[in-house]
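Let me begin by presenting the structure, written as structure tokens, before commenting on it.
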Amino acid sequence: MGDSLSDLEKVREKVRDLRGKTRTSEEVAAFYDNWNADYDKLKCLGYHNIDAVDISKDMLTHAEERGAYNKLICAEIGTKPIPGVSKDEYDAIICAGGFSDIQITDTCLIEWTKIVKRGGIICIVVSCRSLHVLEGETLKYLLQCKKLEQVEKYQVKDYVHGEDGYFVAYKVL
């Protein structure tokens with residue numbers, strides 16, 4: 001495992017380089033190759049039940065080449081059940097950079113509370129600009145009904161492209 005600060009700086013630099021540019025499929029694939037290396041680190045820490053869910057078949061094909069995932073699921077992340085995923089299947093969900101007005105919204109949290117075991121954790125990293133998407137009416141409802149409990153929230157400086165973000169973690173109740 002490399003120096004985590006320099007690894008983080010490499011990721012930040014890659015995001016800055018790619019953001020706002022038209023990218024070839026090869027550039028996108030190379031970008032995801034570098035992210036996939038982090039999943040190999042998770043396996044070294046003892047996490048072996050790692051699945052990938054993406055709406056892009058190309059991204060899943062590319063992820064398959066890394067061999068880091070058990071299941072590759074092509075599906076939209078939203079309010080519908082994810083095909084091939086059972087209730088209480090996961091100990092945790094990690095989502096970094098997925099929440100925005102045009103990608104994942106807080107409505108997915110209803111399904112996530114079903115597929116993450118009671119006591120499990122949902123970790124989300126989101127830009128400050130997209131925080132409102134995460135903290136919508138669905139999240140407010142799940143917190144109020146005691147389906148989720150916020151256990152962590154802190155600001156991440158210079159998360160992407162000079163913009164700050166937030167790390168937020170919820171416990172499934």
Side-chain angles (χ1 to χ4, degrees), residues 1 4 7-8 11 32-128 130-156 159-160 165-173:
M1 188 183 313
S4 41
D7 289 346
L8 178 59
V11 169
Y32 279 96
D33 255 350
N34 290 323
W35 281 102
N36 261 339
D38 291 332
Y39 293 106
D40 292 338
K41 293 175 188 174
L42 288 172
K43 285 190 173 190
C44 291
L45 293 170
Y47 297 97
H48 298 284
N49 187 19
I50 303 171
D51 296 339
V53 179
D54 201 305
I55 198 164
S56 167
K57 288 181 182 179
D58 287 344
M59 287 296 102
L60 291 173
T61 299
H62 192 68
E64 184 176 32
E65 294 170 6
R66 297 284 303 149
Y69 303 100
N70 294 334
K71 290 192 283 187
L72 301 165
I73 303 164
C74 188
E76 183 177 353
I77 298 172
T79 58
K80 296 178 184 172
I82 299 170
V85 177
S86 303
K87 185 177 186 293
D88 298 327
E89 185 160 338
Y90 299 112
D91 294 315
I93 288 179
I94 300 170
C95 179
F99 280 82
S100 74
D101 291 317
I102 60 170
Q103 291 175 303
I104 301 171
T105 67
D106 71 328
T107 58
C108 72
L109 295 171
I110 293 171
E111 181 62 20
W112 288 5
T113 60
K114 295 175 186 175
I115 63 176
V116 174
K117 297 173 187 172
R118 178 172 270 178
I121 300 293
I122 298 172
C123 298
I124 299 167
V125 185
V126 60
S127 69
C128 286
S130 296
L131 184 63
H132 74 281
V133 177
L134 169 62
E135 294 181 337
E137 292 304 314
T138 302
L139 176 61
K140 291 174 189 172
Y141 170 79
L142 292 169
L143 292 168
Q144 181 180 349
C145 292
K146 307 287 187 210
K147 300 269 186 192
L148 286 177
E149 173 188 3
Q150 184 175 303
V151 293
E152 186 89 37
K153 180 178 180 180
Y154 60 85
Q155 195 165 7
V156 179
Y159 164 61
V160 65
Y166 282 92
F167 171 86
V168 189
Y170 302 97
K171 182 177 181 179
V172 177
L173 305 176

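Hydrogens, waters and symmetry mates are skipped; everything else that's a heavy atom, side chains included, is used.
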Compare all side-chain heavy atoms of V116 with those of I121 and state whether any distance is below 4.5 angstrom. no
Minimum heavy-atom separation for I104 to V133, with atom names? O-CG1, 3.6 Å
Could you tell me the separation between the CG atom of D54 and the OH atom of Y69, rounded to the nearest 0.5 Å? 9.0 Å
Is there a side-chain contact between T113 and L142 in this structure, where contact means two heavy atoms from C-beta onward sitting under 4.5 Å apart? yes
Are Y170 and L143 close enough that some pair of their side-chain heavy atoms sits under 4.5 Å apart? yes
Heavy-atom closest contact (L173 atom, R118 atom, distance): C-NE, 3.3 Å
Looking only at heavy atoms, the pair that brings I115 and I82 closest together is CD1-CD1, 4.2 Å
Should the heavy atoms of other residues, nucleotides or ligands under 6.0 Å from NZ of K153 be counted, would the total exceed 12? yes
Taking the side chain as C-beta and beyond, is there a heavy-atom pair between Y90 and V85 under 4.5 Å? yes
Applying side chain to side chain contact (heavy atoms under 4.5 Å, CB included) to I50 and N70, what does each step give before you reach the verdict? CA-CA 6 Å; I50 303 171; N70 294 334; 5.6 Å; no
So, taking the atom named SG in C108 and the one named CZ in F99, what distance separates them when rounded to the nearest 0.5 Å? 4.0 Å
Audit row: E152, K171, salt bridge (charged side-chain N to carboxylate O under 4.0 Å, His left out) steps and yes/no: CA-CA 9 Å; E152 186 89 37; K171 182 177 181 179; over 6 Å; no
Would you give the length of the straight line joining atom NZ of K140 to atom CD of E135, rounded to the nearest 0.5 angstrom? 8.0 Å
Within the structure provided, determine whether L72 and D51 are in side-chain contact (heavy-atom separation under 4.5 Å). no
In short, K57 meets C74 closest at the heavy-atom pair CG-SG, 3.5 Å
Would you please test I77 and W112 for side chain to side chain contact (heavy atoms under 4.5 Å, CB included) and show each step? CA-CA 9 Å; I77 298 172; W112 288 5; 3.7 Å; yes
Side chain proximity check, P81 to K114, heavy atoms < 4.5 angstrom: no
Heavy-atom closest pair, residues P83 and A75: CD-CB, 3.8 Å
For atom CD of E76, is the number of surrounding heavy atoms from other residues, nucleotides or ligands below 6.0 Å larger than 12? no
Give the intermediate values and the outcome of salt bridge (charged side-chain N to carboxylate O under 4.0 Å, His left out) for residues D91 and K117. CA-CA 6 Å; D91 294 315; K117 297 173 187 172; 3.3 Å; yes
If we ignore hydrogens and angles and just use 3.5 Å, is the side chain of Q144 paired with the main-chain N or O of Y141 as donor and acceptor? no
If you round to the nearest 0.5 Å, how far is CD1 of I124 from CG of L134? 4.5 Å
With rounding to the nearest 0.5 Å, note down the distance linking CD in Q103 to SG in C95. 8.5 Å
Value rounded to 0.5 Å, distance of OH in Y166 from CG in L131: 6.5 Å
Closest contact, heavy atoms only, T107 versus T79: CB-CG2, 3.5 Å
Pair K71-E64, salt bridge (charged side-chain N to carboxylate O under 4.0 Å, His left out): steps then yes or no: CA-CA 9 Å; K71 290 192 283 187; E64 184 176 32; over 6 Å; no
